[in-house]
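The next block holds one structure in the form of structure tokens; read it before the comments.
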Number of protein chains: 2
Amino acid sequence: MKSDTRQQILAASSKLFLEGGIHALSVRAIAKQAGLSTIGIYSHFNGKQGILDALYIEGFNNVTQVMKSVKEDSPKASVLEMCRQILDFSEHSAAHYKLIFGANMTEYTPSEDALQAAADGFITLTKVTSSLVEHHASLIEKQEIAMEIWALTHGYIGLNNHEISHHIDWGNWKERALKALATHIDALAAR
Amino acid sequence: MKSDTRQQILAASSKLFLEGGIHALSVRAIAKQAGLSTIGIYSHFNGKQGILDALYIEGFNNVTQVMKSVKEDSPKASVLEMCRQILDFSEHSAAHYKLIFGANMTEYTPSEDALQAAADGFITLTKVTSSLVEHHASLIEKQEIAMEIWALTHGYIGLNNHEISHHIDWGNWKERALKALATHIDALAAR
DNA sequence: TTGACAAATATAACAGTGTTATAGATTATA
DNA sequence: TATAATCTATAACACTGTTATATTTGTCAA
């Protein structure tokens, strides 16, 4: 098996994906872009599923890396900066964002390996948000905080991506999201 | 044009949709379920688009109706009850929920009529959440509150629908969402 | 009532989708 | 070098939404 073929297919897939999103990823388009026939997509990947898994893993690895690189002076500042990075990611890597956070709206179901990448992402998020609570807080408490930050962050992204955001005063939505997050983080401290 | 045909097609579409979600809605499946050929889907509706629009409008009308029916003793109780209803809706009418809030993840783009139903839904949400602020607050301020409540509510639903929710302690997610919403509502009052 | 025309509907055909089957080419091994 | 194994191209399959063509049904005027 030529590992070069696998790489060619992956590169072609990435190019199409970044240019046209998930819907540009037909097996014929990938094969044409790679200068090959479609059969390699089945032998080197698990068909279309394997292509999407590879991109899903890439997407989560990217956002997880971004979360890990956050270094601010205070817990609150760190969490807010991480959320800002996620908000930015949802725009700069919209195709990846839609794939990794919108899969449940489509017929794609991530593989176990892909889900592991998602779980690692949530673990990273939990580590960063954990700084908002005391060190002896239980794992469940820490995950609860992470869920709240996750929900508010991705909720704002969901609203940004929904058509009704064009019908309301949506001017500087990221600053609004961060303000809401700051409000919520302060409230967590007082809870 | 027989309006009976239109109703047959709509009834068949609804049945398939409620049983199998959006992916059960091929034009051939709809036609077979209705005991007709596919052509009526194009003449009575605008093809597949028109079917999805009709279901989208129905979905938003349903959730908007639910929001309007909330009557509690206090602004906070009313908003929380409304959010509880939305959380329930996301489970009991999962197909509708995914269609109306997940459209941007798929290739379906709602028509202008469908978007009007979505906008009406947001207006209703804003009316209910407006009770959390003073009467003389500006429309922009009221929409900002509505956005925050929208984001936190749908953010939790998004987490519930994401595969990672199976990898964390997600026990009673609705109570957790409502607790986070209560925390946020209290913080809004103090802001 | 009949015939012409319009509207509605059935069926066929088209171009696209992911996947599998078959054929052919290339590589590895004895 | 010959054979077997592996890889890849191509064809075929069943499905998708849509349009084209054919047929049936309904309407209206003479």
Open item on the list: Categorize I51(A) for me: base, sugar-phosphate, or nothing, with a 4.0 angstrom heavy-atom threshold over every strand shown.
Closed with: nothing

TODO: Name the nucleic acid region contacted by L25(B), choosing base, sugar-phosphate or nothing; use a 4.0 angstrom heavy-atom cut-off, strictly under.
DONE: sugar-phosphate

Between [N] ([atom2]) and [X] ([atom1]): distance, integer Å:
| X | N | atom1 | atom2 | result |
| --- | --- | --- | --- | --- |
| K48(A) | dA14(D) | NZ | C1' | 17 Å |
| H23(A) | dG17(D) | NE2 | P | 14 Å |
| Q49(B) | dT19(D) | CD | C1' | 17 Å |
| R28(A) | dA9(D) | CZ | P | 14 Å |
| E107(B) | dG16(C) | CD | C1' | 12 Å |
| K32(B) | dT16(D) | NZ | C1' | 16 Å |
| L36(A) | dT10(D) | CG | C1' | 14 Å |
| Y42(B) | dT9(C) | OH | C1' | 14 Å |

Task: Carboxylate-amine/guanidinium proximity below 4.0 Å for E144(B) and K179(A) - done: yes

Quick one: is [N] close enough that its OP1 or OP2 comes under 4.0 Å of any side-chain N or O from [X]?
| X | N | result |
| --- | --- | --- |
| H44(B) | dT9(C) | yes |
| T5(B) | dT9(C) | yes |
| S37(A) | dT10(D) | no |

Task: Any side-chain donor near an acceptor of the partner, Q116(A) and D120(A), under 3.5 Å - done: yes

- [ ] Check whether the side chains of H154(A) and Y97(A) place a donor and an acceptor atom closer than 3.5 Å, and report yes or no.
- [x] yes

Task: Inter-residue atom distance S93(B).OG - E58(B).CD, 0.5 Å rounding - done: 9.0 Å

- [ ] Could you tell me whether R176(A) sits above the aromatic face of Y156(A), with NZ or CZ closer than 6.0 angstrom to the six-membered ring centre and within 45 degrees of the axis?
- [x] no

Task: 5' priority, DNA chain C, between A29(A) and I39(A) [closest heavy atom] - done: A29(A)

